[in-house]
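Working notes for the structure below.
Letters go in sequence order (proteins before strands), and every chain restarts at 1.
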Number of protein chains: 2
Amino acid sequence: MSIVDKQLRILFIDDDKATNFLNKHIAKKNASVSSTVLVDSAFEAIDYLEKKIVNPEDRPDIIFLDINMPAMNGWEFLDVFYKIDSGLIKDIEIVILSSSDDPSDINQFKSRNTLLDFVKKPLDSKLFNDVLLKVCS
Amino acid sequence: MSIVDKQLRILFIDDDKATNFLNKHIAKKNASVSSTVLVDSAFEAIDYLEKKIVNPEDRPDIIFLDINMPAMNGWEFLDVFYKIDSGLIKDIEIVILSSSDDPSDINQFKSRNTLLDFVKKPLDSKLFNDVLLKVCS
DNA sequence: AGAACAAAAATTTAACACAATTTAAAGCAA
DNA sequence: TTGCTTTAAATTGTGTTAAATTTTTGTTCT
């Protein structure tokens, strides 16, 4: 059963290989997902969004973003992300995917009211489907 | 190509679901592995080894053990493990599988000279195969 | 009516087989 | 010897099928 008509493209940003592997597996099993892209760092994500995407139809619909990453964390990524001068990325939904219980992260999430959701690791297929439903509403 | 004649049973002890998922995937792709068991905690591992194994042929040949786990860490597990009063577990090889750089963990590993190897996460198929080769030598 | 059990449906997980990409290796030529 | 090309090997990715688990539904019995 596909919960939505349109097919969604998902970008996962996480420095942990095992997490990425699990996330991709869950995403690809969902009938509403047409493609998944994994990157290991926020830096790679910026590079991907700015350089690698040539056609608008290639841009992700949803980004699942880890917070705790070396070099550039999730919040720092978002600061850069929103400055990307491109119509391409305007309506990409952002979902925080973190195992953090840190109140400062929760506050960060609440203060940035453009973010779609805050999902606790590990991702599971039910949780993932809920996010997709949220995107379509 | 199977590097060994006998088929090996692997037990993974890790509290992270994503890590377990990746580990299992890698292990099951190896032709020398006949079965994999995953447990989420050291406590479950003890329970599994003491209670769930009835036949000697069911016991694992290798245990991949995470160090940093809540409630009971890897070293604490080993202390309990070696006290298990059962011939069943005598010649199980122990491999530490951790992302820790902590010198105290390295020292712990060196001081316990019965341990087969210390492997850094994330596990990959080459690394895994190397461990299997070590077991057979 | 409510609890409990059993059957059916649906969802999740695992197993398998195949394709594609990447990596390593061997051989040859400059 | 160095670099390049071809071949082989191995890792990774993908899709399909089958098994197992969970949820739902309906029926019976108290």
Which whole-number value in Å describes the distance from [X] [atom1] to [N] [atom2]?
| X | N | atom1 | atom2 | answer |
| --- | --- | --- | --- | --- |
| A:Asp130 | C:dT11 | CG | P | 13 Å |
| B:Asn20 | C:dA14 | CG | P | 11 Å |
| B:Asn23 | C:dA14 | CG | C1' | 17 Å |
| B:Phe128 | D:dT12 | CZ | C1' | 17 Å |
| B:Leu123 | D:dT12 | CG | C1' | 15 Å |
| A:Phe21 | D:dT12 | CZ | P | 9 Å |
| B:Asn30 | D:dA10 | CG | P | 12 Å |
| A:Leu127 | C:dT12 | CG | P | 12 Å |

*Taking for each residue the nucleotide of DNA chain D with the nearest heavy atom, is it A:Lys17 or A:Lys126 whose nucleotide lies nearer the 5' end?*
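Result of the comparison: A:Lys17.
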*asked:* So, using salt bridge (charged side-chain N to carboxylate O under 4.0 Å, His left out) as the criterion, who are the partners of B:Asp61 when residues are at least two apart?
replied: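 If we apply the salt bridge (charged side-chain N to carboxylate O under 4.0 Å, His left out) test to B:Asp61, skipping adjacent residues, the hits are B:Arg9, B:Arg59.
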_salt bridge (charged side-chain N to carboxylate O under 4.0 Å, His left out) involving A:Asp47 - partner list, sequence neighbours excluded_ =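 Salt bridge (charged side-chain N to carboxylate O under 4.0 Å, His left out) check on A:Asp47 returns A:Lys51, A:Lys52.
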*Looking only at side-chain N and O atoms, does B:Ser125 come under 4.0 Å of OP1 or OP2 in D:dT12?*
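Yes, because at least one side-chain N or O of B:Ser125 sits under 4.0 Å from OP1 or OP2 of D:dT12.
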With the criterion being N/O to N/O and under 3.5 Å, what pairs connect the protein with nucleotides 14-16 of chain D, and how long is each?
{"unit_1": "D:dT14", "atom_1": "OP2", "unit_2": "A:Lys24", "atom_2": "NZ", "d": "3.2"}
{"unit_1": "D:dT14", "atom_1": "OP2", "unit_2": "A:Lys28", "atom_2": "NZ", "d": "2.8"}
{"unit_1": "D:dT14", "atom_1": "O5'", "unit_2": "A:Lys28", "atom_2": "NZ", "d": "3.3"}

Name each donor-acceptor pair under 3.5 Å that joins a side chain in residues 69-80 of chain A to protein atoms two or more places apart or in another chain, with its distance.
{"unit_1": "A:Asn73", "atom_1": "OD1", "unit_2": "A:Trp75", "atom_2": "N", "d": "2.9"}
{"unit_1": "A:Asn73", "atom_1": "OD1", "unit_2": "A:Glu76", "atom_2": "N", "d": "2.9"}
{"unit_1": "A:Trp75", "atom_1": "NE1", "unit_2": "A:Asp105", "atom_2": "OD1", "d": "2.9"}
{"unit_1": "A:Glu76", "atom_1": "OE1", "unit_2": "A:Asn73", "atom_2": "N", "d": "2.8"}
{"unit_1": "A:Asp79", "atom_1": "OD1", "unit_2": "A:Arg112", "atom_2": "NH1", "d": "3.4"}
{"unit_1": "A:Asp79", "atom_1": "OD1", "unit_2": "A:Arg112", "atom_2": "NH2", "d": "3.1"}

*Sorted by first residue and then second, give each salt bridge (charged side-chain N to carboxylate O under 4.0 Å, His left out) pair with at least one member in residues 23-33 of chain A; sequence neighbours left out.*
none
*asked:* Tell me the closest heavy-atom pair linking B:Ile46 and B:Phe81, and the distance in Å.
replied: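 Nearest pair, atom of B:Ile46 first, then B:Phe81: CD1-N, 4.1 Å.
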*In chain order, what residues pass the side-chain contact (heavy atoms from CB on, under 4.5 Å) check against A:Asp16, with sequence neighbours excluded?*
A:Asp14, A:Ala18, A:Thr19
